[in-house]
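For reference, the structure is listed below as structure tokens.
Position 1 is the first residue of the sequence, and the numbers go up from there. Since this is a predicted model, take the numbers as computed values, not measurements.
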Amino acid sequence: QVQLVESGGGLVQAGGSLRLSCAASGGTFSKNVMGWFRQAPGKEREFVAAISWSGGITSYADSVKGRFTISRDNAKNTVYLQMNNLKPENTAVYYCARSSRFGIPREVREYEYWGQGTQVTVSS
């Protein structure tokens, strides 16, 4: 049984930083693509970033490029999202997810397992 547990969310001022973590258990973490998504109130869940099983390939939403960095530690079964220069519009619940698809999927429907989410609130 695959479980994904996010942590690291919180309240931060605009321009600040947060580092999200997602600890995985069950399944074969090191052989799957991992992704981060977010959902703001009243909006659909959207892609933020994803990373290949080896960590060698990453993909980002245009809105976070240059500010967010996704990484993973397969020895710890953990994926991270470093978020710098946060903006109020980044306020959302952030979810990590696991995909068994080839390539670097960016669609919600391409991910089979999801965490419960962690709230990120950026104040202006």
Side-chain angles (χ1 to χ4, degrees):
Q1 182 179 356
V2 175
Q3 284 191 317
L4 303 174
V5 179
E6 301 97 334
S7 62
L11 173 64
V12 64
Q13 288 188 330
S17 298
L18 282 175
R19 188 195 196 201
L20 306 183
S21 299
C22 172
S25 60
T28 51
F29 175 83
S30 62
K31 295 183 179 179
N32 294 107
V33 172
M34 297 297 296
W36 285 98
F37 289 75
R38 65 188 178 192
Q39 188 166 17
K43 295 188 176 181
E44 293 188 353
R45 193 169 298 189
E46 64 176 3
F47 172 78
V48 175
I51 187 166
S52 64
W53 66 270
S54 68
I57 301 173
T58 57
S59 179
Y60 296 93
D62 288 344
S63 61
V64 306
K65 279 182 181 177
R67 298 187 299 118
F68 290 13
T69 303
I70 188 171
S71 61
R72 66 190 296 164
D73 184 339
N74 287 343
K76 296 182 178 180
N77 285 1
T78 302
V79 62
Y80 305 97
L81 185 68
Q82 177 67 43
M83 305 186 295
N84 297 329
N85 190 20
L86 282 160
K87 304 176 181 181
E89 54 263 41
N90 299 142
T91 294
V93 177
Y94 283 71
Y95 298 89
C96 75
R98 195 191 90 170
S99 174
S100 60
R101 299 285 188 103
F102 289 107
I104 306 294
R106 297 165 65 101
E107 301 292 330
V108 170
R109 57 182 169 80
E110 296 181 288
Y111 287 76
E112 298 92 9
Y113 297 97
W114 294 83
Q116 83 289 348
T118 186
Q119 176 71 47
V120 171
T121 303
V122 185
S123 63
S124 57

Closest approach of Leu4 to Ala24 (non-hydrogen atoms, all atoms of both residues):
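The answer is CD2-CB, 3.5 Å.
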For Met34 and Cys22, work out which heavy atoms get closest and say how close.
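Distance-wise, the nearest heavy atoms are CE-SG, 4.4 Å.
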Rounded distance [0.5 Å steps], [atom1] in [X] versus [atom2] in [Y]:
X      : Y      : atom1 : atom2 : answer
Ser7   : Arg19  : OG    : CZ    : 9.5 Å
Arg106 : Arg101 : CZ    : CZ    : 15.0 Å
Ser63  : Lys87  : OG    : NZ    : 8.5 Å
Gln13  : Ser124 : CD    : OG    : 9.5 Å

Same cluster or not: [X] versus [Y], using hydrophobic residues (I, L, V, M, F, W, Y) connected whenever any side-chain heavy atoms lie under 4.5 Å apart?
X     : Y     : answer
Val33 : Tyr80 : no
Met83 : Val12 : yes
Val64 : Leu81 : yes
Phe47 : Leu86 : no
Leu20 : Tyr95 : no

Classify the ring geometry between Tyr94 and Phe68 as parallel (under 30°), tilted (30 to 60°) or perpendicular (over 60°).
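Ring orientation of Tyr94 relative to Phe68: tilted.
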Before you tell me yes or no, could you show the steps for Asn74 and Arg72 under side chain to side chain contact (heavy atoms under 4.5 Å, CB included), namely the whole-Å CA-CA distance, both residues' side-chain angles and the distance that decides it to 0.1 Å?
CA-CA 6 Å; Asn74 287 343; Arg72 66 190 296 164; 2.8 Å; yes
Determine whether Glu112 and Val2 make a side-chain contact, defined as any pair of heavy atoms from C-beta on separated by less than 4.5 Å.
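The answer is no, as the side chains (C-beta and beyond) never meet within the 4.5 Å cut-off.
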Evaluate the side-chain proximity of Tyr111 to Arg45: yes if any heavy-atom separation is below 4.5 Å, no if none is.
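The answer is no, as the side chains (C-beta and beyond) never meet within the 4.5 Å cut-off.
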If only side-chain N and O atoms count, and only distance matters, is there a donor-acceptor pair under 3.5 Å linking Gln82 with Ser71?
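Per modelled atom types, Ser71 and Gln82 side chains form no pair under 3.5 Å.
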Go through the side-chain N and O atoms of Asn84 and Ser17 and say whether any donor and acceptor fall under 3.5 Å apart.
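Distance-only check passes for Asn84 and Ser17.
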Is it the case that the side chain of [X] and the backbone of [Y] share a donor-acceptor pair, with hydrogens and angles ignored and the cut-off at 3.5 Å?
X     : Y      : value
Thr91 : Val122 : yes
Tyr60 : Gly66  : no
Arg98 : Tyr113 : no
Glu6  : Gly117 : yes

Stepwise salt bridge (charged side-chain N to carboxylate O under 4.0 Å, His left out) test for Glu46 and Arg38:
CA-CA 5 Å; Glu46 64 176 3; Arg38 65 188 178 192; 2.7 Å; yes
With side chain to side chain contact (heavy atoms under 4.5 Å, CB included) as the criterion, how do Ser25 and Asn77 come out once you've worked through the C-alpha distance, each side chain's angles and the decisive distance to 0.1 Å?
CA-CA 7 Å; Ser25 60; Asn77 285 1; over 6 Å; no
Might you confirm whether atom CG of Leu11 has over 12 heavy atoms from other residues, nucleotides or ligands at distances under 6.0 Å?
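Enclosed: over 12 neighbouring heavy atoms sit under 6.0 Å from CG of Leu11.
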How about Trp53: does its CH2 atom have over 12 heavy atoms from other parts shown lying under 6.0 Å from it?
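For Trp53, atom CH2 is not crowded (no more than 12 foreign heavy atoms under 6.0 Å).
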